Chemist: 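I have a structure I would like to understand better, so I am pasting it below and will then ask my questions one at a time.
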Amino acid sequence: MTTIMRQHLIDPEICIRCNTCEETCPVDAISHDSRNYVIDAAKCKLCYNCISPCPTGAIDSWRNMPADQAYPTAEQLLWDTLPGQIALDAPAEVGAGGTASETPADVERIAAASTAGQGGAAPPPWSAAHPYINLYGIHNPAVATVSGNFQLTAEDASSDIRHIVLDFGNASFPVLEGQTIGILAPGLDANGKPHHVRLYSVASPRDGERPKYNNLSLTVKRVTEDHDGKPARGIGSNYLCDLKKGDKVNVVGPYGTSFLMPNHPGSNLLMICTGTGSAPMRAMTERRRRKFSAGESLGKQMLFFGARSPGELPYFGPLTKLPREFIDMNLAFSRVPGEPKRYVQDLLRERGGDVARLLRDENTYVYLCGLKGMEQGVEEAFTEACRANGLDWQALRPQLLLQGRYHVETY
Ligand code: A2P
C-alpha cells in the first residue's frame with residue numbers, strides 16, 4: 001500500500017525571502033540559500049507555526065506525494081515555480097511531513113486550520129475592506145520617495161523612534177490599516193547577498209498619511225542591540241531612520257489579509273500595544289479620528305499603550321490631545337523615576353470591568369501588537385477580567401479568533 005504524504009512546500013514565485021518562516025520553525029525544518037527557502041519533509045512536523053506569520057502566503061503550499069518520493073530540499077532549491085500536483089493512485093493513507101500519519105479527515109482539518117485560526121491566519125472582520133496583497137515583489141519593487149522623517153521620541157530618550165512618510169507618486173500602492181509593507185535595504189549582507197526584506201506595519205490610514213495623497217507612514221525604531229542587549233545594528237531600521245527627504249526607497253507588498261479593521265457602524269476597537277506595535281493602532285485610530293471629525297457616529301475605542309516613559313511613547317503628544325469621548329486612553333509607563341513599573345496588562349486588570357464589557361459585546365474587535373512577552377501577560381489579564389465579570393476567556397478566545405475579532409502580531 002502506497003503511503004501518501006502531504007508535503008509542505010514554499011512557493012518560490014511568491015516568497016519574498018523575508019526569513020520569517022525560518023525564524024519561526026521550532027524544528028529547523030526550513031533553510032535557504034541565495035535563491036530559495038525550502039522545507040525538509042523529514043523534519044517538518046506540520047505544527048503550522050510558520051503559516052500565519054508569512055506575509056505573502058508563499059508558505060501555505062502543499063502537494064500530496066508518495067511518501068518515498070517527497071521533493072528533497074536540494075531539488076526545491078532549484079525551483080523557479082512550484083511543480084503541479086502529480087497524479088496519484090487512490091491514496092490509502094495520508095502522512096504528514098514524512099513523519100506523522102493522518103487520515104483524510106485530518107487533512108481537511110489541517111487545510112481548514114491553515115486558512116482560519118488555530119495556527120493559521122485568522123479571518124479578517126466580516127466588514128473589513130478587501131486588501132490588495134503582493135502587488136510588488138523583490139524583482140519589481142515600487143519606488144517610493146521619502147517626504148518626511150520625524151523623530152517621535154524625546155532627544156534624551158534611550159530609543160530613537162521615527163515617523164517616516166513615503167510617497168508613491170503615480171504608482172498604485174493601495175494599503176489598509178493593519179497591513180504591512182516590505183523594505184529592500186540597499187547593499188549586501190555578510191555573505192555578499194542582497195539583504196532580505198524587512199517588514200513594517202503601516203501607521204497611516206487608507207486615504208493616506210495626508211488625506212487624499214498617495215503616501216503612507218511607518219513607525220520605525222532604530223535597532224542598536226539584539227534581544228539579549230548586545231550591540232547590534234539593525235539593517236532595515238538604520239537604513240530607514242537615516243533616510244532624508246527626497247531619497248528613493250524600494251518597497252514590496254503590501255501584505256496582510258487578517259489584521260484588518262472592521263468598517264461597520266457601531267464596531268468597537270480594543271487595542272493593546274507596546275512601542276512601535278502602535279503603528280497599526282495609529283492607522284486605525286487616525287482612520288476613525290477623521291470620521292469622528294467629520295461628524296460620523298462611531299463605536300467605542302479603547303487603547304492600552306505601554307512604553308518606558310512619555311518621552312519614549314510614539315505619538316504621545318497627538319494621542320493625549322484626542323477627545324475623551326473619542327477614545328478611552330490608558331498609558332502604561334515602566335521606567336518613570338519614582339513611579340511603580342506599569343505594563344499594559346496591569347492597566348487591563350485595573351479596567352477589568354470595562355474591558356469585560358467590551359469583550360462581551362459581539363461588535364468588539366481586539367488587536368494586540370508589540371513585544372512577544374506581553375502576549376502571555378495580556379491573556380492572563382483577559383482571563384482575570386473575564387472571570388471577575390462572569391465571562392470565560394478560554395471559551396471566548398476561540399470564538400473571537402474564528403469570527404475575525406482577535407488579532408495578534410507580536411515579535
Ligand atoms: P520595560 O521597561 O520592562 O522594558 P521597548 O521600549 O523595549 O520597546 O518596550 C516597550 C514597553 O513594553 C516598555 O515599557 C517595556 O517595559 C514594556 N514591556 C517589556 N516587557 C513586557 C511584557 N512582558 N509585557 C508587557 N510590557 C512589556
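Note that the structure is a prediction, hence the values are computed from the model and not measured. Worth knowing before you read on, the calculation uses all heavy atoms, side chains too, and leaves out hydrogens, waters and symmetry mates. We count ligands from 1, going down the list as the structure has it; atoms in each ligand are counted the same way.
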Chemist: Do the side chains of Asp346 and Lys341 get close enough for a salt bridge, i.e. N-O under 4.0 angstrom?
Modeler: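 So Asp346 does not pair with Lys341 through a salt bridge.
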
Chemist: Taking all non-hydrogen atoms of both residues, which atom of Leu298 and which atom of Phe326 are closest, and how far apart?
Modeler: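 That closest heavy-atom pairing would be CD1-CE1, 4.0 Å.
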
Chemist: Does Asp247 come within less than 4.0 Å of Lys244, counting only side-chain N to carboxylate O?
Modeler: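 No, Asp247 and Lys244 are not salt-bridged.
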
Chemist: When you check the gap from the basic side-chain N to the acidic O, do Glu177 and Arg206 get nearer than 4.0 Å?
Modeler: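 Salt bridge between Glu177 and Arg206, a charged N being under 4.0 Å from a carboxylate O: yes.
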
Chemist: Using a 3.5 Å cut-off and no angle test, enumerate the donor-acceptor pairs between side-chain atoms of residues 183-193 and protein atoms at least two apart in sequence or in another chain.
Modeler:
from, atom 1, to, atom 2, distance (Å)
Asp189, OD1, Asn191, N, 2.8
Asp189, OD1, Gly192, N, 3.1
Asp189, OD1, Lys193, N, 2.9

Chemist: Below 3.5 Å only, please: the N or O atoms of ligand 1 paired with protein N or O atoms, distance on each line.
Modeler:
from, atom 1, to, atom 2, distance (Å)
ligand 1, 2 (O), Ser334, OG, 2.6
ligand 1, 2 (O), Arg335, NE, 2.6
ligand 1, 2 (O), Arg335, NH2, 3.4
ligand 1, 2 (O), Lys341, NZ, 3.4
ligand 1, 3 (O), Lys341, NZ, 2.7
ligand 1, 3 (O), Tyr343, OH, 2.5
ligand 1, 4 (O), Arg335, NH2, 2.8
ligand 1, 6 (O), Arg308, NE, 2.9
ligand 1, 7 (O), Arg308, NH2, 3.0
ligand 1, 8 (O), Lys221, NZ, 3.4
ligand 1, 14 (O), Ala307, O, 3.1
ligand 1, 14 (O), Arg308, N, 3.4
ligand 1, 14 (O), Ser334, OG, 2.6
ligand 1, 16 (O), Ser334, OG, 3.0
ligand 1, 23 (N), Gly373, O, 3.2
ligand 1, 24 (N), Gln345, NE2, 3.0

Chemist: Thinking salt bridges, do Arg397 and Glu379 make one under a 4.0 Å N-O criterion?
Modeler: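 Result for this pair is yes, salt bridge flagged.
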
